[in-house]
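By convention in this document, chain letters (A, B, ...) are assigned in the order of the sequence lines, proteins followed by strands, and residues within each chain are numbered from 1.
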Protein chains: 2
Amino acid sequence: MRIGELAEATGATVRALRYYEEQGLLRPERTASGQRIYTPDAVDQVLWIRSLLGNGFSSKAIAQLRRCASADEVTPEQRAVVRAEHARIEAAYRAAAATKDRFASVLAFIGDGPD
Amino acid sequence: MRIGELAEATGATVRALRYYEEQGLLRPERTASGQRIYTPDAVDQVLWIRSLLGNGFSSKAIAQLRRCASADEVTPEQRAVVRAEHARIEAAYRAAAATKDRFASVLAFIGDGPD
DNA sequence: CTAAGACCTCACGCCGGCGTCAGAGGCAAA
DNA sequence: TTTGCCTCTGACGCCGGCGTGAGGTCTTAG
């Protein structure tokens with residue numbers, strides 16, 4: 001698929017997709033004339049990238065993870081990266097859960113009134 | 001407590017605490033000479049603020065929520081704010097959960113090797 | 001063949017959440 | 001009172017994640 005289609009399929013902008021490639025998060029093929037061609041998997045990849053970014057991951061960390069996933073062998077360094085980021089996401093998850101619960105109680109308090 | 005103590009208690013920097021006040025997220029008392037004095041509750045408030053910021057909330061949205069919490073009456077506008085932010089946090093929570101699970105499987109795959 | 005639209009590569013701009021000075025003033029101990 | 005640390009108020013700087021042109025090329029419908 002072409003970049004505009006991927007953008008529409010994922011909700012990302014064309015600019016963002018090019019930025020992701022620039023950061024090494026995406027590696028589309030190119031046509032002879034230089035136009036980007038994405039495989040269907042790219043949709044999931046982009047959604048994944050955006051969810052990581054939304055959870056406070058930096059693009060550099062995501063690039064590390066990507067390299068880790070595509071390597072045949074996992075180096076100790078990569079292992080460390082994964083573990084560190086795992087700790088991050090655990091914290092983010094707990095924070096999100098707490099925040100969600102807190103909101104739920106606020107909603108229970110005010111939510112049944114008129115709009 | 002003074003700002004340095006609050007900083008140490010919360011893990012935020014002094015600069016960040018002043019920034020939060022600037023944004024209307026915190027309202028410490030002042031001594032006659034102008035030094036900030038925080039009540040013990042401020043610790044929880046700061047942790048709460050940081051968790052919201054970490055979940056992608058803007059400081060303006062948090063200020064709105066704060067105003068909402070301290071008002072005697074909840075206006076429809078505030079109600080809308082809370083609902084919108086609730087949707088945000090729901091999404092963030094689901095994303096975090098998915099990310100966490102994905103990491104868990106990665107760790108299961110590589111995590112039992114040597115460091 | 002042509003015209004519209006999607007795409008390309010620079011490259012500068014923006015904004016939020018602080019970091020980081022500079023310079024001046026509190027405050028507790030000796 | 002002096003020493004040393006904490007705090008104060010500006011005010012500029014930085015960096016990531018894009019937005020937004022400018023100026024040119026590709027593709028495809030008619």
For this session: Using a 4.5 Å cut-off on heavy atoms from C-beta on, say whether the side chain of A:R66 contacts that of A:R27.
Result: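 Yes, side chains in contact.
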
Exercise. To the nearest angstrom, how far is B:E22 atom CD from C:dC18 atom C1'?
Worked result: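 Distance, rounded to whole Å: 10 Å.
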
Exercise. Taking the side chain of B:R15 as heavy atoms from C-beta outward, which of C:dC8, C:dC12, C:dT20 is closest to it?
Worked result: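 Among C:dC8, C:dC12, C:dT20, the one nearest the side chain of B:R15 is C:dT20.
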
Exercise. Can you tell me if B:R50 and B:Y20 form a side-chain donor-acceptor pair at under 3.5 Å?
Worked result: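 Their side chains do contain a donor-acceptor pair, which is all the 3.5 Å distance test asks for.
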
Exercise. What is the distance, rounded to the nearest whole Å, between atom CD of B:E21 and atom P of C:dC18?
Worked result: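 Checked: the CD to P distance equals 15 Å.
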
Exercise. Quick one: is C:dC7 close enough that its OP1 or OP2 comes under 4.0 Å of any side-chain N or O from A:S33?
Worked result: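 Answer no for this pair, as no side-chain N or O of A:S33 is under 4.0 Å from OP1 or OP2.
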
For this session: Can you tell me the distance, in whole Å, between the OH atom of B:Y19 and the P atom of C:dC18?
Result: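 From B:Y19 OH to C:dC18 P: 7 Å.
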
Exercise. What is the distance, rounded to the nearest whole Å, between atom OH of A:Y38 and atom C1' of C:dC8?
Worked result: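 So the OH-C1' distance, A:Y38 to C:dC8, works out to 12 Å.
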
Exercise. Chain B on DNA chain D: first and last contacting nucleotide, 5' to 3', under 4.0 Å to a heavy atom?
Worked result: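 It runs D:dT7 to D:dA11.
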
Problem set entry | Under-4.0 Å side-chain N/O to phosphate OP1/OP2 contact, B:Y20 with C:dC18 |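 Looking at the OP1 and OP2 atoms of C:dC18, one of them is under 4.0 Å from a side-chain N or O of B:Y20.
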
Problem set entry | pair A:W48-A:D44: side-chain heavy atoms closer than 4.5 Å |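 A side-chain contact under 4.5 Å is absent here.
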
Exercise. Any salt bridge between B:R94 and B:E90, counting N to O under 4.0 Å?
Worked result: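 Yes, B:R94 and B:E90 are salt-bridged.
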
Problem set entry | Integer-rounded Å distance: C:dG25 P and B:R2 CZ |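 B:R2 atom CZ is separated from C:dG25 atom P by 18 Å.
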
Problem set entry | A:I37 or B:L17, whichever maps to the more 5' nucleotide of DNA chain C |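 Its nearest nucleotide lies further toward 5', so the answer is A:I37.
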
Exercise. Counting only N and O atoms by type, is there a donor-acceptor contact under 3.5 Å from the side chain of A:E85 to the main-chain atoms of A:V82?
Worked result: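 Between the backbone of A:V82 and the side chain of A:E85 there is no qualifying donor-acceptor contact (under 3.5 Å).
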
Exercise. For A:R18 and C:dC8, is the shortest distance between a side-chain N/O and OP1 or OP2 below 4.0 Å?
Worked result: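 Looking at the OP1 and OP2 atoms of C:dC8, one of them is under 4.0 Å from a side-chain N or O of A:R18.
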
Problem set entry | N-O pairing of A:R30 and A:E21 below 4.0 Å |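 Looking at A:R30 and A:E21, the cut-off is met.
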
Problem set entry | B:F57 six-ring centre to B:R88 NZ/CZ under 6.0 Å and within 45° of normal |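 Here B:R88 passes the 6.0 Å and 45° test against B:F57.
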
Problem set entry | Position toward the 5' end of DNA chain C (nearest nucleotide), A:I3 or B:S59 |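 That would be A:I3.
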
